[in-house]
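Reading through the structure tokens given below for one structure.
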Amino acid sequence: MIVVVNEKPLQVDDQTTVAALLESLGYPDRGIAVALDQSVLPRSGWQTTLSDGARLEVVTAVQGG
């Protein structure tokens with residue numbers, strides 16, 4: 001199935017969770033925020049299995065001044 005992560009389409013398995021996808025893409029365990037289909041997804045929801053056409057936005061916190 002196809003999901004879209006930060007405007008880029010990706011093919012994933014049918015049983016892929018948000019957490020597994022983030023790990024496979026190399027995102028860190030901390031310092032990121034995820035929106036699934038335009039709704040913020042708390043970390044407790046990262047075990048959600050993705051569906052075909054799901055749209056994720058992943059934002060990484062950046063420290064600076």
Side-chain angles (χ1 to χ4, degrees):
M1 70 180 173
I2 302 293
V3 299
V4 179
V5 180
N6 293 348
E7 302 300 322
K8 296 179 185 172
L10 295 173
Q11 185 158 357
V12 299
D13 294 332
D14 289 346
Q15 298 302 312
T16 302
T17 64
V18 173
L21 179 62
L22 294 173
E23 182 179 339
S24 73
L25 294 175
Y27 284 101
D29 291 337
R30 301 274 183 230
I32 62 174
V34 178
L36 175 59
D37 296 327
Q38 299 182 345
S39 295
V40 174
L41 187 65
R43 185 173 295 274
S44 62
W46 288 11
Q47 293 308 314
T48 300
T49 301
L50 296 168
S51 59
D52 191 39
R55 300 184 68 81
L56 287 98
E57 292 293 325
V58 182
V59 179
T60 305
V62 177
Q63 191 174 12

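Atom set for the values below is all heavy atoms of this structure, side chains included, hydrogens, waters and symmetry mates excluded.
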So, applying side-chain contact (heavy atoms from CB on, under 4.5 Å) with Thr16, which one of Leu10, Val3, Leu21 is it?
Leu21
Write out all pairs satisfying salt bridge (charged side-chain N to carboxylate O under 4.0 Å, His left out) with one or both partners inside residues 10-35, taking only residues at least two apart or from two chains.
none
What one should report as the nearest heavy-atom pair of Ala54 and Leu50 is CB-CD2, 4.2 Å
Are Val4 and Leu41 joined in one hydrophobic group, where the rule is that I, L, V, M, F, W and Y side chains link up if heavy atoms are under 4.5 Å apart?
no
Joint cluster assignment, Leu25 & Leu36, ILVMFWY side-chain distance < 4.5 Å
yes
Please collect all side chain to side chain donor-acceptor pair (under 3.5 Å) contacts where either partner lies in residues 36-53, sequence neighbours excluded, each pair once.
none
Please enumerate all residues that pass side-chain hydrogen bond (donor to acceptor under 3.5 Å, both in side chains) together with Glu7, with sequence neighbours excluded.
Arg55
